[in-house]
Number of protein chains: 2
Amino acid sequence: MRISQSEENYLKAIYKLSEKTDKPISTNQIAKEMMMAAASVTDMVKKLSEKKLIHYTKYKGAILTDTGEAKATDLIRKHRLWEVFLLEKLSFAWDEVHDLAEELEHINSDQLTNRLDAFLGYPKFDPHGDPIPDAQGNMQRRDQSILATLNNGDKGHLVGVQEHSKSFLQYLGQISLTLGAHIEIIEKYEYDQSLKIIINKDKESIISNKVSQNLFIKL
Amino acid sequence: MRISQSEENYLKAIYKLSEKTDKPISTNQIAKEMMMAAASVTDMVKKLSEKKLIHYTKYKGAILTDTGEAKATDLIRKHRLWEVFLLEKLSFAWDEVHDLAEELEHINSDQLTNRLDAFLGYPKFDPHGDPIPDAQGNMQRRDQSILATLNNGDKGHLVGVQEHSKSFLQYLGQISLTLGAHIEIIEKYEYDQSLKIIINKDKESIISNKVSQNLFIKL
DNA sequence: AAATATTTTTAGACAAGTCTAAAAATATTT
DNA sequence: AAATATTTTTAGACTTGTCTAAAAATATTT
Ligand SMILES: [Mn+2]
Ligand SMILES: [Mn+2]
Ligand SMILES: [Mn+2]
Ligand SMILES: [Mn+2]
């Protein structure tokens with residue numbers, strides 16, 4: 001069954017929103033995520049429902065079917081593999097790879113995807129620390145804690161970021177917080193929950209709670 | 001100025017047809033090349049003309065403007081670079097790369113193109129022997145003769161193919177005629193212009209005139 | 001130079017994907 | 001349980017890219 005690029009983007013949005021909840025995803029949520037009018041979403045969910053990619057009940061919301069979820073997982077696999085390619089092979093920075101991957105992910109060829117995977121050495125995580133589904137759609141669960149929940153003296157490595165915005169990633173780059181960096185909490189300020197940390201056992205930084213809420217650490 | 005994927009395909013078709021002639025390209029020619037109704041082409045050439053990508057006179061045909069030609073050349077650059085990537089890095093065969101490159105070429109990012117070019121080592125020719133334009137749009141002229149025009153005793157290397165169809169390329173593969181192969185003409189049969197050749201100083205083959213018309217040889 | 005054939009354009013239609021404004025359904029507050 | 005607010009759907013419109021059938025222009029033949 002032919003799935004358009006637009007339909008693929010809806011599936012990804014629903015998948016993403018479904019990661020945070022088990023409830024059906026409302027048309028408004030999808031509209032907000034995709035920056036689109038709610039009316040457009042209503043039209044599309046009807047179409048996706050007819051194609052059996054989602055379960056949709058009027059006024060209730062949408063849930064991916066198994067087929068829809070498999071399709072979304074495959075898109076994520078392609079997106080993340082392309083991100084790895086762009087960073088590792090074409091030396092793009094981690095704040096530059098997302099937009100290009102957003103387009104490359106729509107090229108549909110299992111052969112291309114699987115050979116790219118092999119060429120990259122079957123990476124398990126993308127440049128933002130997100131797990132890459134394998135050809136069967138299985139992905140490793142990342143063992144992580146949110147930095148904001150840790151305390152004085154806790155230490156570990158940066159294994160992922162929650163936010164993916166360019167500005168956030170660039171900010172992290174500026175304070176030399178790259179994926180894999182070692183972080184130790186020196187002090188947690190009760191007042192605004194900001195943290196004084198040492199990066200790579202060398203550089204001291206103070207980061208806001210907003211930042212630490214978006215960093216995943218493996219202890 | 002935003003150029004859609006569809007518009008890009010028209011530009012490429014006009015470019016391709018323009019390589020064989022200096023005359024304006026008729027809507028029918030474009031329609032045939034793209035396997036589309038002539039009426040659709042008429043609509044599109046009007047649009048391309050408004051965007052100053054082609055010069056178009058009703059009932060006369062279309063010629064690329066400098067802007068249009070630059071755009072087409074850039075698409076060809078991307079197409080051929082991706083073909084090299086697929087063959088060299090992902091080990092696809094030369095009869096498999098075209099369709100994927102047809103999609104990859106529409107991803108518009110000069111940075112991506114130029115980094116891919118660098119990653120591949122600035123190749124000058126693609127897997128079919130076609131020249132790859134550089135970032136400025138310049139490409140090397142290939143020094144070639146059509147095999148069908150040569151005579152007994154002539155020899156050289158296969159540097160390109162005219163036809164790009166899967167079946168033709170697969171046929172060549174079967175008789176071990178790959179790019180770079182050495183070819184010597186043993187005998188030219190007057191009757192049907194077929195040729196007895198020796199490939200790589202080893203394997204003897206008889207090829208039809210239809211085949212030899214499509215092979216470019218460097219003496 | 002007419003008649004005929006071919007090519008090209010126009011006219012009108014349709015599907016996909018989007019929007020705004022209005023109506024209907026659902027949720028929240030009083 | 002009404003009244004009010006919010007969410008969601010419907011209705012109608014628009015753009016892009018395509019098609020078929022008919023009309024108009026151009027080219028070829030007689
Ligand atoms: Mn991404
Ligand atoms: Mn990512
Ligand atoms: Mn090609
Ligand atoms: Mn090629």
Side-chain angles (χ1 to χ4, degrees), chain A residues 1-14 17-18 20-21 23-64 68 71-72 75 102-103 105-108, chain B residues 1-14 17-18 20-21 23-64 68 71-72 75 102-103 105-108:
Chain A
M1 174 197 26
R2 162 86 196 147
I3 301 177
S4 73
Q5 184 156 328
S6 188
E7 289 169 329
E8 288 186 339
N9 284 331
Y10 279 90
L11 290 178
K12 268 209 313 172
I14 296 167
L17 294 164
S18 299
K20 292 169 200 141
T21 171
K23 281 181 281 186
I25 307 303
S26 74
T27 45
N28 251 15
Q29 281 177 282
I30 301 170
K32 193 181 170 196
E33 169 73 24
M34 300 183 74
M35 301 204 288
M36 233 165 237
S40 314
V41 178
T42 303
D43 283 351
M44 185 55 95
V45 291
K46 282 182 193 162
K47 218 177 355 153
L48 293 175
S49 178
E50 267 161 37
K51 291 191 173 184
K52 310 262 189 230
L53 293 164
I54 62 173
H55 297 294
Y56 163 63
T57 325
K58 260 193 190 175
Y59 297 102
K60 294 296 179 189
I63 297 178
L64 292 173
K71 188 69 207 160
L75 283 161
E102 210 58 47
E103 304 198 46
E105 73 191 0
H106 296 290
I107 290 170
N108 276 314
Chain B
M1 174 199 25
R2 162 83 194 147
I3 301 178
S4 72
Q5 183 158 329
S6 189
E7 289 168 331
E8 289 186 339
N9 285 331
Y10 278 91
L11 290 178
K12 266 207 317 169
I14 297 167
L17 294 165
S18 300
K20 293 170 201 144
T21 173
K23 282 181 283 187
I25 308 303
S26 73
T27 46
N28 253 14
Q29 282 176 282
I30 302 170
K32 193 180 167 196
E33 169 73 24
M34 300 183 74
M35 300 203 292
M36 234 166 233
S40 313
V41 177
T42 303
D43 283 352
M44 185 55 95
V45 290
K46 283 182 192 160
K47 219 179 352 154
L48 293 175
S49 177
E50 268 162 35
K51 290 192 172 182
K52 308 263 190 229
L53 293 165
I54 61 174
H55 297 295
Y56 164 64
T57 327
K58 258 192 194 177
Y59 297 102
K60 294 295 180 194
I63 297 178
L64 291 173
K71 189 66 205 161
L75 283 161
E102 211 56 48
E103 303 197 47
E105 72 190 3
H106 297 289
I107 290 170
N108 277 315

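Each chain gets a letter, A, B and so on, in the order the sequences are listed, and its residues count up from 1.
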Q: Let me know the distance between CD of Glu50(A) and C1' of dA15(C), rounded to the nearest Å.
A: 14 Å

Q: Taking the side chain of Ser26(A) as heavy atoms from C-beta outward, which of dT8(C), dT8(D), dT9(D) is closest to it?
A: dT8(D)

Q: What is the separation between atom NZ on Lys23(A) and atom C1' on dT7(D), rounded to the nearest whole Å?
A: 15 Å

Q: Quick one: side chain to side chain donor-acceptor pair (under 3.5 Å) partners of Glu102(A), sequence neighbours excluded?
A: Lys12(A), His98(A)

Q: Touch check for Lys46(B), heavy atoms < 4.0 angstrom, all strands: base, sugar-phosphate only, or nothing?
A: sugar-phosphate

Q: In whole angstrom, what separates Gln29(A)'s CD from dT6(D)'s P?
A: 17 Å

Q: Which residues satisfy the side chain to side chain contact (heavy atoms under 4.5 Å, CB included) test with Lys51(A), sequence neighbours excluded?
A: Met1(A), Glu7(A), Leu53(A)

Q: What contact category does Thr27(A) fall into here, base, sugar-phosphate, or nothing, at under 4.0 angstrom with non-hydrogen atoms?
A: sugar-phosphate

Q: Counting primed atoms plus P, OP1 and OP2 as sugar-phosphate and everything else as base, spell out the protein contacts along nucleotides 18-28 of chain C at 4.0 Å heavy-atom distance: B, S or - for each nucleotide, 5' to 3'.
A: BBBB---SS--

Q: Would Met44(B) and Ser6(B) count as a side-chain contact (heavy atoms from CB on, under 4.5 Å) if you check the C-alpha gap in whole Å, the side-chain angles of each, and the deciding distance to 0.1 Å?
A: CA-CA 9 Å; Met44(B) 185 55 95; Ser6(B) 189; 3.7 Å; yes

Q: Check side chain to side chain contact (heavy atoms under 4.5 Å, CB included) between Thr57(B) and all other residues, then give those that pass, not counting sequence neighbours.
A: Lys60(B)

Q: Taking atom P of dA16(C) as reference, at what distance in whole Å does atom CD1 of Ile3(A) sit?
A: 14 Å

Q: Suppose we screen for side chain to side chain contact (heavy atoms under 4.5 Å, CB included). Which residues come up paired with Lys23(A), at least two apart in sequence or across chains?
A: Thr21(A)

Q: As a check on the pairing definition, encode DNA chain D in dot-bracket form, counting Watson-Crick and G-U wobble pairs whose two distances are under 3.5 Å, and using | for partners outside this strand.
A: ||||||||||||||||||||||||||||||

Q: With sequence neighbours excluded, tell me which residues meet side chain to side chain donor-acceptor pair (under 3.5 Å) with Ser40(A).
A: none

Q: Excluding sequence neighbours, so at least two apart, what forms side chain to side chain donor-acceptor pair (under 3.5 Å) with Glu33(B)?
A: Lys16(B)

Q: What pairs with Gln29(B) under side chain to side chain donor-acceptor pair (under 3.5 Å), at least two apart in sequence or on another chain?
A: Ser26(B)

